Chemist: 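Below is the structure I would like to discuss, written out as structure tokens.
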Amino acid sequence: MSDYSNKLGRLRPAPENFLSPEQIQQVQSGRRDFLRRAIAGASAAMVATGAASAYADEASDKGSKLILDKPEWGTTLGRPVDEPPYGMPSKYESHLVRRISPGLSAVNQANVAFAPLQGMFGIITPSGLHFNRSHQGWYEIDPSEHRLMVMGEEGLVRNPKVYTVGDIMRMQPVSRIHFIECGANSAMEWGNVAVPTVQYTHGMVSCSEFTGVPLIKLLEDCGANLKGVRFILAEGADGSHETRTIPMSLVLSGEVLVAYGQNGEMLRPENGYPLRLVVPGVEGVSNIKYLRRIKLGTEPFAAKDEVLGYVDLMPDGKFRQYTSLMECKSVITSPSGGQVLMDKGLYNVTGIAWSGRGRIKRVDVSFDGGVNWHPARLEGPVQNKALTRFNIPWVWNGGSAFLQSRAVDETGYVQPTYEQLRKVRGTRSVYHNNAIQTWQVEATGDVRNVQLAHS
Ligand SMILES: Nc1nc2c(c(=O)[nH]1)N[C@H]1C(S)=C(S)[C@@H](COP(=O)(O)O)O[C@H]1N2
Ligand SMILES: [Mo]
């Protein structure tokens, strides 16, 4: 662990298993405030042991020996180059994995595994760490037995077709980088602070290079009456029969993909192998995995996943429907909740920003809870409806600090504070929480998830 902390610039990774089974039970039975105390306790213990081990090597002979003496392993034969045939991360990185939030339902296969944003770099999510939200678990589908039907209401499709995966892979492909964010990302934070780490506050967003065929090409191939179609229905083959209405305007833009590729290889089974719909900028649930049917129509289809679920409870007691666009959002991923700053001095503050409306234009970072803002550096490439990485150097003086990031997209939309968002949306929603996140760095170096009264 000590080597690891040094590599991260003396910043310890979040504790792995920070809650006991009894504590998880208390969280699930509604005692959310409990989490904060549990985490504070866990982190305090880590500083004590962590601080000791992080400096011990450098202060003792061991530190200088590590550079003066050639390591023993460096004089031996390494492992065979074809083992393993499919490479895996170093065993020293085994803490960086998807996790199920202790605050959510205990039905593991029908839940969500959150991506460990705190330890990731750049904008691409390694496929093995892409979050996995599956209403009925994930499936291993034999691609030779998978079919996609394209059909429509009366008179809308001249030649309805059934495609094999091979048929689709013979068409002209495109490759594009896009984020997928579950509409329920940050859901638990509407009312108050509920979870300790960025993995659980924001880990339902991931970003991949997807390869596939624009859906519009399939519709043309079937002789669809494109002027007559106003909405399409997309349906998954799995047990949850995920079904969603998608406006035809998005399909006509050419952005909606029938994808089979993810980061240079076939989709992972957890993410919809062998075919999934990618609807850039729209909430995750519209990105139908195990895609089985596309139906063209003239009215919204009022499917269960847009009428009963995925609606927003407003302060006046009414529900908003069909609110699928993911608005501009950002979060600092490091330092973030559960991590510990080991000493004063220079840190790189890093995070991600994204918008369902297009490109990110700027990200500002505050170290004092939104009083003063500083422009962060956007790392290229800045892509349409993709994660954008930002960085900014910061010198921690050892006192309490409140870290925030605020993103602006190319349409001029500014990410709101909690105060601004709650004024319009209240506190009882589940979906579409894009408020500014605050991490408090305490004088001890512990980083905590907090919400400030006026930001
Ligand atoms: N067939 C099918 N498609 C699905 C789902 C599902 O359960 N079944 N979950 C949806 C939800 S709610 C989200 S957020 C995204 C998650 O995609 P991922 O698991 O690849 O991250 O897939 C969507 N597509
Ligand atoms: Mo979702």
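Worth saying up front: this structure is predicted, and the values here are computed from it rather than measured. Both counts, for ligands and for their atoms, begin at 1 and track the order of listing.
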Chemist: Pull out every atom of ligand 1 sitting under 4.0 Å from any heavy atom of Asp238, numbered as shown with elements.
Modeler: 1 (N), 2 (C), 6 (C), 7 (O), 8 (N)

Chemist: Which residue owns the protein heavy atom closest to atom 24 (N) of ligand 1, what's the atom, and how far is it?
Modeler: Asn287 O, 3.1 Å

Chemist: Considering both backbone and side-chain atoms of His135, is one of its nitrogen or oxygen atoms within less than 3.5 Å of a nitrogen or oxygen in ligand 1?
Modeler: yes

Chemist: For atom 6 (C) of ligand 1, what is the closest protein heavy atom, and at what distance to 0.1 Å?
Modeler: Glu242 OE1, 3.4 Å

Chemist: Only heavy atoms of Asn271, strictly under 4.0 Å: list the atoms of ligand 1 that pass.
Modeler: 18 (P), 19 (O), 20 (O), 21 (O)

Chemist: Tell me, which protein residue and heavy-atom name are nearest atom 3 (N) of ligand 1, and how many Å apart are they?
Modeler: Lys289 N, 2.9 Å

Chemist: Does ligand 1 have any atom that is closer than 4.0 Å to a heavy atom of Ser240?
Modeler: yes

Chemist: Give the residue and atom name of whichever protein heavy atom lies nearest to atom 23 (C) of ligand 1, and the separation in Å to one decimal.
Modeler: Gly284 O, 3.4 Å

Chemist: Would you kindly check if the NZ (Lys) or CZ (Arg) of Arg406 is within the cone defined by 45 degrees around the ring axis of Trp373 and under 6.0 Å from the six-membered ring centre?
Modeler: yes

Chemist: Give me the residue, atom name and distance of the protein heavy atom closest to atom 9 (N) of ligand 1.
Modeler: Arg133 O, 3.3 Å

Chemist: Identify whether the distance between the nearest side-chain nitrogen and carboxylate oxygen of Arg244 and Asp305 falls below 4.0 Å.
Modeler: no

Chemist: Measure across Tyr273 and Met266 and return the closest heavy-atom pair with its distance rounded to 0.1 Å.
Modeler: CE1-CB, 3.8 Å

Chemist: Do Gln404 and Gln437 have side chains that get closer than 4.5 Å, going by heavy atoms?
Modeler: no

Chemist: As an exercise, identify every atom of ligand 1 less than 4.0 angstrom from a heavy atom of Cys182.
Modeler: 14 (S)

Chemist: Under 6.0 Å from the CE atom of Met149, do we count more than 12 heavy atoms belonging to anything else shown?
Modeler: no

Chemist: Can you tell me which residue among Glu255, Glu181, Glu410 is in a salt bridge (Lys or Arg N to Asp or Glu O under 4.0 Å) with Lys385?
Modeler: Glu255

Chemist: Checking a contact table here: which protein heavy atom is nearest atom 21 (O) of ligand 1, and how many Å away?
Modeler: Phe131 O, 2.6 Å

Chemist: Would you call Asp409 and Arg359 a salt bridge, using N to O less than 4.0 angstrom?
Modeler: no

Chemist: Short list, please: which atoms of ligand 1 are under 4.0 Å from a heavy atom of Tyr310?
Modeler: 12 (S)

Chemist: What are the two closest heavy atoms between Asn263 and Ser127, and how far apart are they?
Modeler: ND2-OG, 3.1 Å

Chemist: Looking only at heavy atoms, which two atoms of Leu291 and Ala234 are closest? And how far apart?
Modeler: CD1-CB, 4.1 Å

Chemist: If you measure only the distance, is there a donor-acceptor pair under 3.5 Å linking the side chains of Thr417 and Glu419?
Modeler: no

Chemist: Is it the side chain (CB and beyond), the backbone, both or neither of Met204 that lies under 4.0 Å from ligand 1, heavy atoms counted?
Modeler: neither

Chemist: What's the shortest distance from atom 17 (O) of ligand 1 to any protein heavy atom, and which residue and atom give it?
Modeler: Arg276 NH2, 3.0 Å

Chemist: Can you report which non-hydrogen protein atom sits closest to atom 10 (C) of ligand 1, along with the distance?
Modeler: Val285 CA, 3.7 Å

Chemist: Provide the number and element of each atom of ligand 1 under 4.0 Å from a heavy atom of Ser134.
Modeler: 7 (O)

